[in-house]
Amino acid sequence: MADGPTVVNAGGSGGGTAVAIVLAIIAIVGLLLFSGVINIHGGGGQDINVKVEAPKVEAPKVEAPAASAPAKPAAPAPAAPAPAAPANGG
């Protein structure tokens, strides 16, 4: 019923992908060697001293406003003593 041959992808071993990854790694290492990031000649391990002159920065001095404590309310006057009860009970 098919009009032409049926193509079935058998999966393979992924050889093309492996070759592409190996070539990419070789290209990256070659670029790092060429640019000097990876130094294979040794070079004696030269130290590079970098000195940065930065101006001293201080925060501006601002006097804090004097915060006065809230006024304490006056203590209430003591209550008058209760009237004495009549001695005859009535």
Side-chain angles (χ1 to χ4, degrees):
M1 297 239 172
D3 292 335
T6 302
V7 179
V8 178
N9 186 2
S13 62
T17 304
V19 170
I21 291 174
V22 169
L23 288 177
I25 291 173
I26 291 172
I28 291 171
V29 171
L31 179 66
L32 293 176
L33 286 170
F34 180 74
S35 63
V37 174
I38 300 175
N39 188 2
I40 59 174
H41 298 298
Q46 300 171 352
D47 289 334
I48 299 173
N49 294 325
V50 178
K51 186 175 182 182
V52 177
E53 297 286 337
K56 186 176 180 182
V57 178
E58 294 182 8
K61 294 181 180 179
V62 178
E63 293 183 19
S68 59
K72 206 175 198 184
N88 61 3

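A continuous path of hydrophobic side-chain contacts links Val29 to Val37 [ILVMFWY only; heavy atoms under 4.5 Å]. In terms of hydrophobic clustering, with Ile, Leu, Val, Met, Phe, Trp and Tyr side chains grouped at heavy-atom distances under 4.5 Å, Leu33 and Ile28 are assigned to a common cluster.
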Verdict with supporting geometry, Lys51 and Glu53, salt bridge (charged side-chain N to carboxylate O under 4.0 Å, His left out): CA-CA 6 Å; Lys51 186 175 182 182; Glu53 297 286 337; 3.5 Å; yes
